[in-house]
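Keep in mind that the numbers below use all heavy atoms, side chains included, and drop hydrogens, waters and symmetry copies.
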Amino acid sequence: MCFMLHHKLPAGGLQNEYKPLSAEDNKYDLTEEKPLTIGFGRKVISAHNHVGILESWPFYESDEPISPADPGPSTTEELTHFMDCRGIEKSLILPNYGIPVQEQPFSLNELVVKLCKEGQGRVAGALWVSGLAQNQYLTENALKMLDEPGIRGLKMSYLLGGTPNPKEWDESTLKLHEKIFREAMERDLAIHFHTGSGGTSDIRNFFELIKRYGKDMKIHLVHMGGGSSGHIRLISQWKDLIEGGYKVYVDSSWAIGFGVRRLLKMIDKTGIGADRFLFGCDEPWSDYESEFWKIQGAPISEEIKERVFWGNAEEQYFNKPA
């Protein structure tokens, strides 16, 4: 998800206790989903799908609450239908998020666990955690679920506050981040970090984190660095990062065409990082069709397309003991 958060806050500030909407308040509509004609016949694993309902919010200058994203699937039936309509064989799912309420994405961690258990091997999950000291209790509860069946990663975003730059962390923030990182490293789990142009999510804020922890921990940079400047900065360092032993991964959701083509052509030509580029559709924030064609239409070999569309995700998230 690449939504830059600017909000009108309610008069009382942020909610002290988040109460998620019920399924009846904002239901995923199975009748709207029809099987697509693209992609069938090609094996596809999406390493980036969001699940769960996200309530509307008065973003930007809006006088009325709006929901930029459709509801994500909230039941196994809905998730299976969503995948089958797109020809997705397997999915890595993450909590849906995007409103300025710290508790909201944490409230969907149990849903992720439930869908993984019911997914019959087609579903893996990443749990929401936060390095903000104010979220320590919520994060510690999330970490207790790491050994649930199908949990294969963690998800972090600094859109809701904080910075990924360790040079700017105070002692409590450092300790909480390192607790999260230690739990991930012990289980060989990738951490998905949202990246975007500008603000705290700018790729420049991640390079120190990669330098300090990236040789021991899998760091998945969602959106491939985020925007044209992020793509250029990341691509310019790709070879050095991979050959330097840093465990950096990317997906191309929300990425701009030139960046995707350029990195894929580099990988196809040199083989450097061929196991580090994964397909992710970022539904319901993006759309499967456009994300599919970024890879399908790229001027690269069929071998690299196969690795991106499913091989790398299979190895990373599904070819592991239950």
Side-chain angles (χ1 to χ4, degrees), residues 1 20 45-54 72-80 82-83 88-97 102-132 135-157 160 176-194 213 216-222 247 249-251 253 276 278-283 310-322:
M1 189 270 288
I45 297 176
S46 176
H48 183 170
N49 283 8
H50 293 282
V51 295
I53 295 167
L54 186 69
S74 295
T75 67
T76 293
E77 178 189 14
E78 292 172 357
L79 180 58
T80 300
F82 163 85
M83 292 166 62
I88 298 174
E89 181 174 306
K90 301 176 183 178
S91 290
L92 179 80
I93 59 171
L94 311 92
N96 203 357
Y97 77 103
Q102 298 291 339
E103 297 87 350
Q104 181 273 321
F106 285 101
S107 74
L108 295 176
N109 279 338
E110 290 187 2
L111 173 63
V112 169
V113 170
K114 179 177 183 291
L115 294 176
C116 288
K117 288 180 178 178
E118 297 175 354
Q120 298 183 332
R122 296 183 66 188
V123 181
L127 300 175
W128 183 274
V129 292
S130 167
L132 295 177
N135 293 328
Q136 181 169 347
Y137 176 76
L138 294 168
T139 291
E140 288 178 348
N141 281 341
L143 294 175
K144 293 176 182 177
M145 294 186 272
L146 280 181
D147 295 320
E148 292 284 353
I151 297 303
R152 298 287 187 261
L154 294 170
K155 169 69 176 184
M156 300 181 71
S157 174
L160 302 184
L176 184 53
H177 274 87
E178 293 198 336
K179 179 179 178 61
I180 294 168
F181 296 168
R182 184 169 58 253
E183 297 279 359
M185 287 185 279
E186 288 176 355
R187 295 167 176 80
D188 193 32
L189 303 179
I191 301 185
H192 285 227
F193 291 96
H194 170 88
Y213 304 103
D216 300 309
M217 180 177 73
K218 293 178 178 177
I219 296 174
H220 182 124
L221 300 169
V222 176
K247 300 178 180 180
Y249 298 78
V250 297
D251 70 60
S253 64
R276 306 299 182 85
L278 293 82
F279 172 76
C281 65
D282 196 18
E283 289 266 13
W310 68 271
N312 293 336
E314 181 75 49
E315 180 180 346
Q316 179 76 265
Y317 298 113
F318 293 94
N319 190 23
K320 294 177 180 292

Under a 4.5 Å cut-off applied to non-hydrogen side-chain atoms, are [X] and [Y] in contact?
X	Y	value
H50	L108	no
N135	F106	yes
F279	N312	no

Kindly write out the residues that satisfy side-chain hydrogen bond (donor to acceptor under 3.5 Å, both in side chains) with [X], not counting sequence neighbours, or none if the list is empty.
X	result
E178	Y213
N109	none
T139	none
E315	none

Are the side chain of [X] and the backbone of [Y] linked by a donor-acceptor contact shorter than 3.5 Å?
X	Y	result
E78	S74	yes
N96	G52	yes
S130	L132	yes
H220	I191	no
S107	Q104	yes

Looking at [atom1] of [X] and [atom2] of [Y], how far apart are the two atoms once the value is rounded to the nearest 0.5 Å?
X	Y	atom1	atom2	value
I219	Y249	CD1	OH	10.5 Å
K179	Q136	NZ	CD	8.0 Å
R152	R187	CZ	CZ	12.0 Å
Q120	T76	CD	OG1	8.5 Å
W128	L160	CH2	CG	5.0 Å
Y317	S91	OH	OG	12.5 Å

Item to check | K218: salt bridge (Lys or Arg N to Asp or Glu O under 4.0 Å) partners, not counting sequence neighbours | outcome: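 Checked K218 against salt bridge (Lys or Arg N to Asp or Glu O under 4.0 Å); matches are D188.
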
Checklist entry - With E118, which residues qualify under salt bridge (Lys or Arg N to Asp or Glu O under 4.0 Å), at least two apart? => result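 So E118 forms a salt bridge (Lys or Arg N to Asp or Glu O under 4.0 Å) with K114.
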
Kindly write out the residues that satisfy side-chain contact (heavy atoms from CB on, under 4.5 Å) with [X], not counting sequence neighbours, or none if the list is empty.
X	value
M185	F181, D216, M217
E186	R182, E183
I151	V112, V113, C116, L127, L146, E148
E89	K43

Can you see which heavy atom on [X] is nearest to which on [Y], and at what distance?
X	Y	value
C281	N49	SG-OD1, 2.9 Å
L92	L94	O-CD1, 3.9 Å
R122	I88	NH2-O, 2.9 Å
L278	A313	CD2-CA, 3.7 Å
G280	H48	CA-CB, 3.8 Å
A142	V129	CB-CG1, 3.9 Å

Next on the checklist: Pairing donors with acceptors under 3.5 angstrom, does anything connect the side chains of H194 and H192?
Outcome noted: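 Note: H194 and H192 side chains miss the donor-acceptor criterion.
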
Next on the checklist: What verdict does the salt bridge (charged side-chain N to carboxylate O under 4.0 Å, His left out) test give for K90 and E314, after you've listed the backbone C-alpha separation in whole Å, the side-chain angles of each residue and the deciding distance to 0.1 Å?
Outcome noted: CA-CA 9 Å; K90 301 176 183 178; E314 181 75 49; 3.1 Å; yes

